[in-house]
There are 2 protein chains.
Amino acid sequence: MDWAEQAKSRLEEAGFRTGAARRQVIELLGDESCAVTALEIDRRLPRVGRASVYRTLEQLEQLELVHRVDVGGEVVAFERNDPGGHHHHMVCVRCGRLVPFSDPGLERAIEAIGAKAEFEITAHDVLLRGVCPRCSERGN
Amino acid sequence: MDWAEQAKSRLEEAGFRTGAARRQVIELLGDESCAVTALEIDRRLPRVGRASVYRTLEQLEQLELVHRVDVGGEVVAFERNDPGGHHHHMVCVRCGRLVPFSDPGLERAIEAIGAKAEFEITAHDVLLRGVCPRCSERGN
DNA sequence: ATCTGTGCAAATAGTTTGCATCCTC
DNA sequence: GAGGATGCAAACTATTTGCACAGAT
């Protein structure tokens with residue numbers, strides 16, 4: 001069962017009805033393996049009201065089916081929670097390109113911090129900023 | 001020489017004049033060891049226009065005297081760049097409290113990623129989310 | 001005296017809310 | 001048929017921009 005199907009089931013279980021807007025947002029997110037902004041979703045789904053996009057994202061977030069990705073402060077992006085597909089991002093400071101990566105050493109280091117911290121850590125984000133190979137080549 | 005003095009010198013070197021707004025914003029940031037939002041700065045400096053706060057922060061960021069801290073997506077905070085004072089943050093998902101921490105193991109893991117990545121990594125952010133001891137005590 | 005820096009107010013951008021209507025159950 | 005879901009438009013919040021004037025050099 002792919003992510004979109006699973007998301008629909010979970011929403012149904014949670015007592016939500018299935019309308020057109022929600023279905024389309026979920027399907028779009030399911031097709032996208034990396035982060036998408038709310039406005040991009042809105043742009044790509046002209047028949048869906050902007051408010052519905054935000055409402056759906058909020059519900060999905062609460063059900064832990066998607067999570068927020070902060071990639072610069074201006075805009076917030078969302079991406080689906082793939083079980084076992086935990087990853088972080090590198091963002092190109094020139095062109096804004098977002099590239100996912102994952103690294104066991106990094107996860108271990110973060111776990112170690114969580115173990116000795118006073119906070120009860122439940123989630124973490126890592127964002128590496130730099131210049132992507134493409135932008136690096138073409139000058140500068 | 002403290003951070004505020006240094007910041008003023010660097011601005012002067014860069015050809016900026018020293019007006020009242022910039023001075024006050026810089027002094028406030030110098031007194032604050034952790035992140036402050038633009039709006040908080042504006043609130044705490046009633047005689048300074050909001051626009052000047054944002055303009056100053058932008059200039060300071062370009063001169064690498066402050067850097068952005070994304071702590072949840074809604075608001076962006078800024079904090080001074082202390083040479084050698086590199087750190088990250090834990091944010092409490094209940095009360096929003098922001099606590100700085102630093103960890104050599106984490107830094108090492110990130111350096112290792114940078115060494116083998118295709119991106120030329122120039123900066124990184126880590127944000128740990130969880131529940132702070134205070135909120136954890138007073139019942140869930 | 002010149003030209004940058006500043007404050008104010010208006011403009012923008014992203015997100016949220018109110019509400020009448022549509023559609024699922 | 002009832003109540004949640006949706007789209008539209010208006011409200012809000014954070015940030016940016018335009019502009020006349022004050023102030024630094």
Side-chain angles (χ1 to χ4, degrees), chain A residues 4 7-29 35-63 65-79 96 98, chain B residues 4 7-29 35-63 65-79 96 98:
Chain A
K8 286 179 205 160
S9 309
R10 298 259 288 130
L11 280 165
E12 207 173 326
E13 281 169 37
F16 290 103
R17 294 184 185 174
T18 309
R22 217 138 44 202
R23 194 177 324 119
Q24 291 179 67
V25 171
I26 289 174
E27 279 163 9
L28 190 155
L29 281 167
V36 203
T37 68
L39 284 174
E40 189 178 342
I41 295 174
D42 181 56
R43 244 177 278 126
R44 285 166 57 177
L45 299 176
R47 326 200 53 163
V48 174
R50 183 161 304 180
S52 298
V53 172
Y54 284 103
R55 279 187 287 237
T56 301
L57 289 170
E58 195 186 329
Q59 292 158 353
L60 291 173
E61 193 185 13
Q62 275 172 355
L63 292 174
L65 290 162
V66 303
H67 64 98
R68 252 162 236 268
V69 178
D70 293 331
V71 20
E74 321 86 42
V75 194
V76 182
F78 292 82
E79 81 187 350
L98 205 60
Chain B
K8 286 179 206 161
S9 309
R10 297 259 288 132
L11 280 165
E12 209 172 326
E13 279 169 38
F16 290 104
R17 295 182 183 175
T18 310
R22 214 132 54 195
R23 194 178 325 121
Q24 290 179 68
V25 171
I26 289 173
E27 278 163 9
L28 189 155
L29 282 167
V36 203
T37 68
L39 284 174
E40 189 179 341
I41 296 174
D42 181 55
R43 244 178 276 125
R44 284 166 59 176
L45 299 175
R47 327 201 52 165
V48 174
R50 185 162 302 180
S52 298
V53 172
Y54 283 104
R55 281 188 286 237
T56 301
L57 288 171
E58 195 186 328
Q59 292 158 354
L60 290 172
E61 193 185 12
Q62 276 172 352
L63 292 174
L65 290 162
V66 304
H67 63 99
R68 253 162 236 269
V69 178
D70 292 330
V71 21
E74 321 89 41
V75 194
V76 182
F78 292 82
E79 79 187 352
L98 203 62

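Quick note on labels: first sequence line is chain A, next is B, and so on, each numbered from 1.
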If only side-chain N and O atoms of Tyr54(A) are considered, is one of them under 4.0 Å from the OP1 or OP2 phosphate oxygen of dT16(C)? no
Salt bridge (charged side-chain N to carboxylate O under 4.0 Å, His left out) filter on Glu61(A), not counting sequence neighbours, yields Arg68(A)
Once you round it to whole Å, what is the distance between P of dT15(C) and CG of Leu57(A)? 9 Å
In Å and rounded to the nearest 0.5 Å, what is the OH to CZ distance from Tyr54(A) to Phe78(A)? 8.0 Å
Whole-Å distance separating the CD atom of Glu58(B) from the C1' atom of dG5(C): 14 Å
Residues 10-23 of chain A vs side-chain hydrogen bond (donor to acceptor under 3.5 Å, both in side chains), sequence neighbours excluded, gives Arg22(A)-Gln59(A)
Indicate yes or no: at least one non-hydrogen side-chain atom of Leu11(A) is less than 4.5 angstrom from one of Ile26(A). yes
Can you tabulate the close N/O pairs, meaning under 3.5 Å, that link protein atoms to atoms of nucleotides 6-13 of chain C?
unit_1	atom_1	unit_2	atom_2	d
dT6(C)	OP1	Gly19(B)	O	3.3
dT6(C)	OP1	Ala20(B)	N	3.4
dT6(C)	OP1	Ala21(B)	N	3.1
dT6(C)	OP1	Arg22(B)	N	3.0
dG7(C)	OP1	Arg47(B)	O	2.7
dG7(C)	OP2	Gly49(B)	N	3.0
dG7(C)	OP2	Ser52(B)	OG	2.7
dG7(C)	N7	Arg55(B)	NH2	3.0
dG7(C)	O6	Arg55(B)	NH1	3.4
dG7(C)	O6	Arg55(B)	NH2	3.1

Atom CG of Leu11(A) and atom P of dT24(C) are separated, to the nearest Å, by 16 Å
What's the angle between the local helix axes at either end of the helix from dA1(C)-dT25(D) to dC25(C)-dG1(D), using five pairs per end and rounding to 10 degrees? 30°
Report the distance from atom CZ of Arg68(B) to atom C1' of dT15(D), rounded to the nearest whole Å. 10 Å
Using atom CZ of Arg43(B) as one end and atom P of dT13(D) as the other, report the distance to the nearest whole Å. 12 Å
Do any side-chain atoms of residues 38-48 of chain A form donor-acceptor pairs under 3.5 angstrom with protein atoms, and if so which ones, sequence neighbours left out?
unit_1	atom_1	unit_2	atom_2	d
Glu40(A)	OE2	Arg44(A)	NH1	3.2
Asp42(A)	OD2	Arg50(A)	NE	2.9
Asp42(A)	OD2	Arg50(A)	NH2	2.8
Arg44(A)	NH1	Glu32(A)	OE1	3.4
Arg44(A)	NH2	Glu32(A)	OE1	3.1

Testing the basics here: between Leu63(B) and Ala14(B), what is the closest heavy-atom pair and its distance to 0.1 Å? CD2-CB, 4.1 Å
Check the pair Leu65(A), Leu29(A) against side chain to side chain contact (heavy atoms under 4.5 Å, CB included), reporting the backbone distance first and the verdict last. CA-CA 10 Å; Leu65(A) 290 162; Leu29(A) 281 167; over 6 Å; no
Could you state the atom-to-atom distance from CD1 of Ile41(A) to C1' of dT6(D) in whole Å? 16 Å
Taking salt bridge (charged side-chain N to carboxylate O under 4.0 Å, His left out) as the test, write out the residues that go with Glu79(A), two or more places apart. none
What is the distance, rounded to the nearest whole Å, between atom CD1 of Ile26(A) and atom P of dA5(D)? 12 Å
